[in-house]
Amino acid sequence: MSRAIRPEAWVIDDVSFPKCGTASVGVARQYCGALGKRANCQVAVSVHAATDTASCPLDWQLYLPPEWTEEPDRCHRTGVLDVACPPGEVAPGARHARHGRRLAMEAPVVVADAGYGVSTPFRTGLEERRLSYVLALTGKEVAHAEEAEPHRPAYGGLGPPTLPRYRTPPRAVSALAEETGPEQFTQVTWRQGSKGPMTSRFTVLTIRPAGKQSLAAAQNAGDGRNRWDGVLPARTLLVEWPEEQDALTGYWISNLPATTPVADLVRWAKMRWRIEHDDRELKHGLGLDHFEGRTWRGWHHHVTLVTAAQACLTLRRLDPKAHTPA
């Protein structure tokens with residue numbers, strides 16, 4: 001695909017497979033995005049190279065829920081590799097962080113939905129690999145304003161010194177963003193849709209993500225709890241407020257500097273539409289979710305062949321027509 005597509009982002013996505021047999025590898029009762037409810041299904045994590053024009057999956061990994069990872073014999077009967085179900089690492093946050101760290105190539109920007117954006121271990125995993133990201137949030141995540149500073153109380157002479165802390169509790173990022181006036185929002189057009197330009201209003205803020213996981217990550221980065229200076233790292237928050245709406249509608253967190261052009265942040269934030277569009281071709285046109293085999297190897301062979309077919313179709317679509325003799 002390198003001839004036709006220069007990737008502008010790696011998009012990480014969860015894909016649900018509700019049409020699989022109940023005996024298929026990885027099947028369990030879990031949330032199925034395709035159905036919008038819990039059901040017996042398979043869930044896979046995928047990494048796509050994407051632009052506004054096209055996308056192609058680079059990597060697939062079938063997610064194994066606790067019903068499988070807690071039964072090694074069941075995994076071995078279906079040919080699951082030992083590295084695919086490490087004991088004691090079945091929590092979604094740990095899975096997300098592990099997958100983020102296993103990206104084999106340097107990405108321009110990593111994009112993902114709020115299921116990943118709310119995971120501090122996932123964001124930390126990307127930062128450890130020095131990867132830039134633009135990840136969606138729900139708006140309920142807590143943070144301090146950029147200008148907030150920790151305070152260290154005077155030492156009283158008894159016991160260990162008091163650690164620095166912020167005087168005010170953290171607030172939801174939606175509440176912090178609501179304090180921004182309408183004049184701070186900029187009109188941005190990020191692509192042409194089927195009904196005309198896709199346009200909305202956006203602003204960029206600087207926040208300091210808080211919460212227990214963010215606090216622990218900051219302390220680890222600061223050489224431990226007792227040596228940490230108490231300052232939470234600053235991150236960039238992109239906020240959307242459509243002109244026809246009465247309230248804010250979208251939030252994205254990024255480790256890119258706040259001076260990054262807002263148009264670039266918006267394009268990356270909205271890049272997932274390309275994946276959702278191409279997923280329909282993968283499923284309905286190429287049979288991605290029609291596999292009902294029972295083995296780990298068979299499932300990965302199937303998605304690899306479907307990926308190759310989609311890549312071939314993408315090249316044919318983007319390349320100029322071949323010359324033929326008169």
Side-chain angles (χ1 to χ4, degrees), residues 9-14 45-48 58-59 61 63 69 83-146 148 150 163-166 169-173 176 204-238 251-258 260 265 268-269 271-272:
W10 301 151
V11 182
I12 299 179
D13 193 25
D14 285 354
V45 180
S46 59
V47 181
H48 303 248
L58 300 177
D59 186 28
Q61 182 173 352
Y63 169 57
T69 57
V83 296
C85 53
E89 195 176 1
V90 297
R95 171 174 62 97
H96 294 167
R98 186 174 71 249
H99 192 80
R101 283 193 291 265
R102 67 187 290 270
L103 288 173
M105 60 187 75
E106 184 177 355
V109 173
V110 177
V111 177
D113 62 18
Y116 292 91
V118 301
S119 172
T120 299
F122 177 71
R123 300 199 305 265
T124 302
L126 295 179
E127 291 166 1
E128 288 175 354
R129 290 189 61 88
R130 298 182 181 179
L131 295 174
S132 301
Y133 58 76
V134 179
L135 309 174
L137 296 177
T138 65
K140 298 178 181 179
E141 297 75 28
V142 295
H144 293 283
E146 177 188 16
L163 299 177
R165 58 178 180 267
Y166 287 86
R171 302 165 60 196
V173 296
L176 293 173
V204 175
L205 306 174
T206 301
I207 60 172
R208 300 184 183 277
K212 292 182 178 180
Q213 290 185 332
S214 296
L215 180 64
Q219 290 175 347
N220 290 335
D223 294 329
R225 181 171 180 267
N226 294 325
R227 296 184 179 182
W228 179 49
D229 61 5
V231 178
L232 291 168
R235 294 293 178 263
T236 299
L237 179 70
L238 176 68
Y251 310 89
W252 294 265
I253 189 171
S254 176
N255 61 344
L256 293 168
T260 304
L265 291 174
W268 286 318
M271 193 69 73
R272 287 195 68 255

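- No side-chain heavy atom of V47 sits under 4.5 Å from any side-chain heavy atom of Q61.
- Checking side-chain atoms of T260 against main-chain N and O of L256 turns up no donor-acceptor pair under 3.5 Å.
- Between Y116 and V45 the shortest side-chain heavy-atom distance falls below 4.5 Å.
- In this structure a side-chain-to-backbone donor-acceptor pair under 3.5 Å is missing from S132 to V109.
- The two residues A143 and L176 make their nearest non-hydrogen contact at O-CD1, 3.6 Å.
- A side chain to side chain contact (heavy atoms under 4.5 Å, CB included) with W252 holds for exactly one of V204, L265, V134; it is V134.
- Summarising the geometry, atom CD1 belonging to I12 is positioned 3.5 Å from atom CZ belonging to F122; distances are rounded to the nearest 0.5 Å.
- Classified by interplanar angle (parallel below 30°, tilted 30° to 60°, perpendicular above 60°), the ring pair Y166/H144 is parallel.
- Minimum heavy-atom separation, Y251 to L237: CB-CD1, 4.3 Å.
- Contact check for E146 versus L205: no side-chain heavy atoms found under the 4.5 Å cut-off.
- Counting all heavy atoms, side chain and backbone alike, N255 lies closest to E127 at ND2-CG, 3.9 Å.
- Each of V110, V118, L131, L135 was scored for a side chain to side chain contact (heavy atoms under 4.5 Å, CB included) with R123, with one residue passing: L135.
- Between atom CD of residue E141 and atom OG1 of residue T120 there is a gap of 9.0 Å, rounded to the nearest 0.5 Å.
- Counting only heavy atoms from C-beta outward, the side chains of T206 and R235 never approach each other to under 4.5 Å.
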side-chain hydrogen bond (donor to acceptor under 3.5 Å, both in side chains) assessment of Y63 paired with D14: CA-CA 9 Å; Y63 169 57; D14 285 354; over 6 Å; no

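- Closest heavy-atom contact between P170 and V142: CB-CB, 3.9 Å.
- Pairing each heavy atom of G117 with each of L137, the nearest pair is O-CD2, 3.4 Å.
- Taking 4.5 Å as the limit, every side-chain heavy atom of H48 sits out of range of all side-chain heavy atoms of L58.
- The shortest heavy-atom contact between L232 and P209 is CD1-O, 3.6 Å.
- Note that the CD atom of Q219 and the CG atom of D229 stand 10.5 Å from one another [nearest 0.5 Å].
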Under 3.5 Å, which donor-acceptor pairs link side chains of residues 211-218 to any protein atom two or more places apart or in another chain?
unit_1 : atom_1 : unit_2 : atom_2 : d
S214   : OG     : A210   : O      : 3.1

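- A donor-acceptor contact shorter than 3.5 Å links the side chain of S254 to the backbone of Y133.
- Every residue was checked against the side-chain contact (heavy atoms from CB on, under 4.5 Å) condition with A221, not counting sequence neighbours, and none meets it.
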